[in-house]
Amino acid sequence: MIKINENYQKLQASYLFSNIAKRVNAFQQSNQDKKLIKLGIGDVTRALPDACVKAFHLAVDEMANDATFHGYGPEQGYDFLREAIAKNDFQARGAQVDADEVFVSDGAKCDSGNFQEIFSTDITVAIPDPVYPVYVDTNVMAGRSGSWDAELGRYENLVYLDGNRDNGFIPDLPDRPVDLIYLCFPNNPAGSTATREQLKQWVDYAKANKSLILFDAAYEAFVQDAGLPRSIYEVEGAREVAVEFRSFSKTAGFTGTRCAYTVVPKECMAYTEAGQAVSVHSLWNRRHTTKFNSVSYPVQRAAEAVYSAEGQAQIKELIAYYLNNAKYIREKMEALGYECIGGVNSPYIWIDSKCDSWEFFDRLLNEAAVVCTPGAGFGKCGEGYIRISAFNSYENVTEAMERISKIL
C-alpha cells in the first residue's frame with residue numbers, strides 16, 4: 001500500500017493565493033462585464049527590459065546553430081552570470097561575496113522553500129508572523145511543525161516572531177535559542193525595512209546560538225534609502241551565519257522568465273549530532289546538483305544583461321515606476337483614514353483594515369472589483385490588515401484607488 005507523507009495533512013486549508021484565486025474566479029463568472037483590477041499577488045505587469053530582450057534573442061540564435069548550441073549548463077549557473085552577480089550586487093556595495101558562492105536557480109520561492117531540506121527534521125524553526133506562507137508550509141511538510149493548535153491559530157513546534165504596530169512589523173529576537181531563522185526585508189507582506197543595527201542584532205544572536213539565518217532579499221532593489229542595507233552581508237559577521245535569497249522577478253520583470261539566485265558563504269556551518277561543523281555551502285551544492293539541472297542558457301544571458309549600463313538604467317526606471325504606484329496607493333489610503341506601512345522602499349502597502357481581513361478583501365472584490373491580499377493569510381498577526389501590491393499599470397492603480405475611495 002502506497003502511503004502519503006502524513007505531514008501534508010497538517011497543512012491548513014488551501015494555500016493563500018489558491019484561496020484568493022477561487023474567490024476571484026467566482027466573482028468573474030458572476031460579473032463578466034466588470035473590469036477586475038488585480039493588486040493582490042506580487043506579479044509584475046511591465047515588459048522585460050529591452051537590454052534583457054536583446055540578450056535573450058541573441059542567446060536563442062546561438063541555440064539555433066550547432067557551433068554555438070548549449071546543452072546542459074553547470075547546475076550552479078554559468079560563470080558569466082555568477083561573476084556579474086557577485087561583482088555588481090555585492091562587491092560594489094562593499095559586501096564580500098565570491099562568484100562560486102552564488103547558486104543560480106529558477107526562483108527565490110523554490111530556494112527558500114527547498115533550503116530547509118538539508119537540515120535535521122528536529123531543529124527549532126523561528127518564523128516571522130505575518131509571513132510569506134512558503135516558509136511555514138515547507139517546514140510543515142518536512143515534519144518540524146508539530147500539530148496545528150486551532151485555538152491559538154499556530155503550529156505547536158514553530159517559534160513565531162510577532163510583527164505588530166508597536167514594533168513596526170520588525171520582530172524582536174526570540175526569547176529562547178532557535179536553530180533556523182527566516183527573515184525577509186524589505187518585508188513581504190508588511191513592506192517594513194530593517195536597519196544595519198537591527199540586522200546586526202540578528203547576526204549576533206545567530207552567532208551566539210549557532211543558528212542559521214535564511215534571509216529573503218527578493219525586494220532589495222526597491223530600497224532607495226542609501227542608509228538602509230540591501231544585503232545582510234553588509235553587516236559584519238553575517239557571512240558566518242546567513243544565507244541570502246534574491247530574484248530577478250521583481251527587479252527586472254522575470255516572473256514569467258524564471259531566474260533567481262542564492263548566496264551561501266563558505267564560512268556558514270551547520271552541525272552533526274556529535275557537534276562536528278559541516279559546510280552549508282557543500283551541503284547545498286550537493287542538494288542543488290542532485291535535484292536541479294540549471295536555468296536555461298538564454299534566460300541566464302538575459303539575466304546577465306541586467307548588469308549592463310543599458311540594463312541598469314532600464315531596471316531603475318521599472319523600479320521607480322512601481323514605487324510611484326506604491327506612493328500613490330499609500331497616500332490615497334492614508335487620506336481615507338487608514339494607517340499604512342510600506343510603500344516606501346517597498347512595492348507593498350500594509351494597511352490596517354479596521355476589520356476582519358477576509359471581510360475587507362471580499363468588500364473590495366465585490367464592491368470595487370479590486371483584488372488585494374488579506375493579511376490573515378500571512379499569519380495570526382496579519383489579521384486586521386490587508387496587503388496591496390503596486391505591481392500594475394499606473395492607470396489601473398489610479399482607477400482602483402478611485403473605486404476604493406467611493407466604497408470606503
Side-chain angles (χ1 to χ4, degrees), residues 17 37-60 77-78 80-82 84-85 88-89 102 104-112 132 134 184 186-189 191 216-224 230-231 244-262 294-329 342-343 345-349 371 373 387-398 400:
F17 299 109
I37 300 177
K38 296 182 179 180
L39 301 177
I41 64 172
D43 192 2
V44 296
T45 54
R46 297 192 66 191
L48 291 172
D50 188 56
C52 298
V53 174
K54 289 177 180 177
F56 216 149
H57 280 302
L58 288 173
V60 170
Y78 285 99
F80 62 76
L81 179 56
R82 299 173 85 193
I85 288 168
N88 293 281
D89 285 346
V102 175
V104 178
S105 76
D106 59 355
K109 175 182 179 180
C110 304
D111 287 352
S112 61
Y132 185 42
V134 171
C184 177
N187 184 260
N188 178 17
D216 188 342
Y219 299 93
E220 57 80 26
F222 291 87
V223 175
Q224 304 299 295
R230 291 173 63 168
S231 168
E244 183 164 307
F245 307 103
R246 289 203 185 187
S247 173
F248 293 99
S249 285
K250 310 308 190 299
T251 304
F254 274 51
T255 54
T257 310
R258 311 310 303 145
C259 195
Y261 64 89
T262 294
S294 185
V295 174
S296 74
Y297 174 76
V299 168
Q300 291 193 59
R301 280 299 187 190
E304 180 194 25
V306 166
Y307 300 104
S308 67
E310 182 185 8
Q312 286 292 292
Q314 289 164 3
I315 66 167
K316 285 179 182 178
E317 189 275 329
L318 278 175
I319 296 297
Y321 183 91
Y322 290 128
L323 282 174
N324 184 58
N325 284 352
K327 179 176 180 288
Y328 184 84
I329 294 166
N345 298 308
S346 169
Y348 295 128
I349 304 87
V371 179
T373 308
R387 188 192 74 179
I388 292 184
S389 165
F391 293 119
N392 211 312
S393 69
Y394 181 72
E395 292 73 21
N396 279 344
V397 164
T398 54

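No experiment lies behind these values; they were computed from the predicted model shown. Only heavy atoms go into these numbers, but all of them, side chains included; no hydrogens, no water, no symmetry mates.
With a 4.5 Å cut-off on side-chain heavy atoms, Arg46 and Tyr322 count as touching. You'll find the side chain of Ser231 reaches within 4.5 Å of the side chain of Arg246, heavy atoms only. Between Asn325 and Phe391, the closest side-chain pair of non-hydrogen atoms is not below 4.5 Å. You'll find the side chain of Ile349 stays beyond 4.5 Å of the side chain of Arg387, heavy atoms only. With contacts defined as side-chain heavy-atom distances shorter than 4.5 Å, the pair Lys38/Thr45 does not qualify. The shortest side-chain heavy-atom distance between Tyr307 and Leu81 falls under the 4.5 Å cut-off. In this structure the side chain of Arg258 never reaches within 4.5 angstrom of the side chain of Val299, judged on heavy atoms.
Nearest heavy-atom pair, Phe254 versus Cys52, reported as atom, atom and distance to 0.1 Å: CE1-SG, 4.0 Å.
With rounding to the nearest 0.5 angstrom, the CG atom of Asn324 is 10.0 Å from the CD1 atom of Ile329. Taking CD of Glu304 as the start and CD of Gln300 as the end, the distance is 9.5 Å to the nearest 0.5 Å. Summarising the geometry, atom CG belonging to Leu39 is positioned 7.5 Å from atom CG belonging to Asn396; distances are rounded to the nearest 0.5 Å.
Side-chain atoms of Asn345 do not come within 3.5 Å of backbone N or O of Pro186 as any donor-acceptor pair. The backbone N or O of Val102 sits less than 3.5 Å from a side-chain atom of Arg82, completing a donor-acceptor pair.
There is no side-chain donor-acceptor pair under 3.5 Å between Asp216 and Ser112.
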